[in-house]
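This is a predicted model, so every value here is computed, not measured. Lettering of chains follows the sequences in order, A, B, ..., and the numbering in each one begins at 1.
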2 protein chains.
Amino acid sequence: MMKVLIVEDDPLHRSYLHEAVNAALPECDTVIEAENGTVGEKLARDHKSAHIVMDLQMANRNGIEAARTIWKERPETRILFWSNYSDEAYVRGVSRIVPDGAAYGYVLKSASDERLKLALRSIFIESQCVIDREVRGLQQKSLGQTNGFTDSEYEILVDIALGLTDRAIAKRRGLSLRSVQNRLQQLYDKLDVYQSAGDDHEDGRFNLRARAVTVAFLRKLLNYSALERAEAELQEWLEGK
Amino acid sequence: MMKVLIVEDDPLHRSYLHEAVNAALPECDTVIEAENGTVGEKLARDHKSAHIVMDLQMANRNGIEAARTIWKERPETRILFWSNYSDEAYVRGVSRIVPDGAAYGYVLKSASDERLKLALRSIFIESQCVIDREVRGLQQKSLGQTNGFTDSEYEILVDIALGLTDRAIAKRRGLSLRSVQNRLQQLYDKLDVYQSAGDDHEDGRFNLRARAVTVAFLRKLLNYSALERAEAELQEWLEGK
DNA sequence: CGCCGTCTTGCGTAAACCCGCAGCTTGTTG
DNA sequence: CAACAAGCTGCGGGTTTACGCAAGACGGCG
């Protein structure tokens with residue numbers, strides 16, 4: 001006897017998931033559906049859901065936010081994230097909120113039926129983590145040191161993306177002005193902002209700060225949902241003076 | 001006897017569209033499918049497609065690019081855009097490329113079956129433009145003057161989003177440095193960057209330039225695909241010296 | 001312990017940015 | 001034509017960035 005909650009924007013995908021769950025998990029007797037993050041949180045609470053399939057990109061309240069509050073209330077909940085994209089921003093966002101030892105999964109929508117069903121069984125029955133190969137690559141890169149970004153670098157990237165001044169960042173992160181600028185330089189380095197900037201003409205130079213943000217976007221280190229979350233955190237911080 | 005080409009990333013949506021076309025257009029005898037923009041362009045060329053349903057957001061080559069090259073070759077092609085979002089960035093992108101007098105449509109994926117089928121008939125049979133109400137609102141706002149952005153303002157927004165310096169923008173757009181800065185000020189005004197910046201403490205000031213880009217993103221004036229296109233144009237321009 | 005690499009901080013400078021002020025060129029309107 | 005709004009431009013100056021240089025601080029490691 002098992003109950004599964006599906007949180008997914010798109011009706012088509014929702015019914016597809018419903019079918020997939022039925023097919024992969026005969027021991028599951030009830031499937032409930034939510035069409036956005038807010039409703040998802042509520043249903044999870046009401047039903048004390050232990051097994052959730054969650055879309056990441058939703059209009060009303062995105063999957064990461066929803067998962068965070070759900071996990072905060074019941075950390076042993078098993079959540080399978082099912083997403084269109086494997087942006088580093090999402091991967092980073094997810095790994096930041098998963099509780100210690102929790103079973104979760106990350107499967108791309110482009111995966112085959114088989115893969116999805118296998119993931120459903122592995123996570124919900126066997127309590128194993130299942131992370132799509134493609135996503136796994138990013139995860140390694142972002143956590144390891146190879147070519148990836150440190151947390152502090154990522155932090156400052158977000159800060160300039162939000163449009164904070166050096167001084168404001170310094171205050172927020174408890175650093176001196178110069179340290180902030182140091183980190184910025186590291187960031188510029190890693191993002192190859194110079195190469196594209198300098199080229200060799202004095203002509204077409206870039207504004208490093210703005211360019212860094214753009215490059216990060218184009219490389220999917222940042223995306224809309226990451227910005228949205230960061231902006232919310234910023235507002236929160238601003239009110240706490 | 002009619003032939004319809006479907007260009008859509010997601011297999012689920014693709015088959016849904018296929019069914020919808022069959023149901024709405026009995027006079028249509030062949031439906032062909034493409035799973036990304038590149039293939040879509042090729043099939044459109046090979047089949048001399050006159051009726052196309054096109055997704056906007058696709059990984060390989062997005063709908064706007066594809067539509068542009070298709071329309072360049074055969075401007076009387078009828079295209080129905082079918083998109084998840086109604087970001088101003090998309091709306092602006094589409095209206096920029098639609099040829100004079102061409103019949104096209106813009107329907108959101110959240111629309112009902114009925115609406116989709118109606119749109120299919122209106123555009124492909126009656127040669128009428130059908131634009132989703134929600135999208136229409138944006139279009140009006142962006143073309144009209146009410147609260148919307150001038151083309152020149154939008155242009156400069158894109159330029160700073162790309163990370164160009166004032167000087168570079170001036171060169172690119174054939175303006176003086178000061179004029180560029182004037183436009184920036186207008187932009188800052190319209191985006192309300194000051195209000196959120198000034199607040200009243202000297203404390204948490206924003207870097208106006210970076211903040212403007214963020215606000216634009218959060219308001220969906222910009223999105224990934226718009227950035228991508230703009231970046232491509234920029235590179236092109238850089239090479240033409 | 002001394003050596004070394006990484007991180008932080010202050011100082012100083014050149015460049016870029018933000019913007020008020022004022023003169024000019026337009027297109028529009030009575 | 002006069003008048004007026006809207007946009008372009010140069011000038012000047014206050015602020016913010018970007019970054020080299022150099023002096024500590026901290027943590028391994030032989």
Side-chain angles (χ1 to χ4, degrees), chain A residues 144-146 148-157 159-199 201-216, chain B residues 144-146 148-157 159-199 201-216:
Chain A
Q145 58 283 29
T146 332
F149 290 73
T150 322
D151 282 339
S152 69
E153 283 160 355
Y154 189 76
E155 208 171 50
I156 216 173
L157 170 61
D159 283 340
I160 60 169
L162 285 173
L164 295 171
T165 59
D166 292 2
R167 197 189 314 282
I169 299 176
K171 205 156 289 180
R172 180 140 127 98
R173 305 297 181 188
L175 292 173
S176 79
L177 211 158
R178 189 62 180 84
S179 292
V180 170
Q181 296 173 330
N182 264 339
R183 293 193 177 179
L184 279 176
Q185 282 183 256
Q186 287 177 246
L187 187 69
Y188 297 156
D189 239 6
K190 288 213 182 170
L191 285 173
D192 262 2
V193 186
Y194 296 108
Q195 165 190 337
S196 54
D199 217 303
H201 318 68
E202 309 301 318
D203 246 29
R205 258 228 204 59
F206 283 108
N207 176 321
L208 297 178
R209 173 177 287 247
R211 184 65 182 168
V213 175
T214 309
V215 171
Chain B
Q145 58 282 30
T146 332
F149 290 74
T150 320
D151 281 339
S152 69
E153 284 160 356
Y154 189 76
E155 208 172 50
I156 216 173
L157 170 61
D159 283 340
I160 60 168
L162 284 173
L164 295 171
T165 59
D166 292 3
R167 197 189 314 281
I169 299 176
K171 205 157 288 180
R172 180 141 126 98
R173 304 296 180 189
L175 292 172
S176 79
L177 210 156
R178 189 61 181 87
S179 293
V180 171
Q181 295 173 331
N182 267 339
R183 293 193 177 180
L184 279 177
Q185 280 182 258
Q186 287 177 246
L187 187 69
Y188 297 154
D189 240 6
K190 288 214 182 169
L191 285 174
D192 261 3
V193 185
Y194 296 108
Q195 164 191 337
S196 54
D199 218 302
H201 317 69
E202 309 301 320
D203 245 27
R205 255 225 208 58
F206 284 109
N207 175 321
L208 297 178
R209 172 177 287 247
R211 184 64 182 168
V213 176
T214 308
V215 171

Q. With the sugar-phosphate defined as primed atoms, P, OP1 and OP2, and the base as all remaining atoms, what B/S/- string results for nucleotides 15-26 of chain D, 5' to 3', for protein heavy atoms under 4.0 Å?
A. -SSBBBB-----
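- Contact check, Ser179(B) against dC8(D): no side-chain N or O comes under 4.0 Å of OP1 or OP2.
- For Ala212(A), the side chain to side chain contact (heavy atoms under 4.5 Å, CB included) criterion is met by Ile160(A), Tyr188(A), Leu191(A), Val193(A), not counting sequence neighbours.
- Atom-to-atom distance recorded for Phe206(A):CZ and Thr165(B):OG1 is 9.0 Å, nearest 0.5 angstrom.
- Counting non-hydrogen atoms under 4.0 angstrom, Arg173(B) reaches nothing in the nucleic acid.
- Between the NZ atom of Lys171(B) and the P atom of dC8(D) there is a distance of 19 Å, given to the nearest Å.
- Atom pair Gln186(B):CD and dC18(C):P shows a separation of 14 Å (rounding to whole Å applied).
- Rounded to a whole Å, the CD atom of Glu153(A) is 13 Å from the C1' atom of dT6(C).
- Residue Ile169(B) contributes atom CD1, which lies 14 Å from atom C1' of dC18(C) at whole-angstrom precision.
- Atom CZ in Arg183(A) sits roughly 13 Å away from atom C1' in dT9(C) (whole-Å rounding).
- Considering NZ of Lys171(A) and CZ of Arg205(B), their distance stands at 10.5 Å, rounded to 0.5 Å.
- To the nearest 0.5 Å, the span separating OG1 on Thr150(A) from NZ on Lys190(A) amounts to 4.5 Å.
- Between the CG atom in Leu187(A) and the CD1 atom in Ile156(A) there is a gap of 7.0 Å [rounded to 0.5 Å].
- For Ser152(A), there are no side chain to side chain donor-acceptor pair (under 3.5 Å) partners two or more places apart in sequence or in a different chain.
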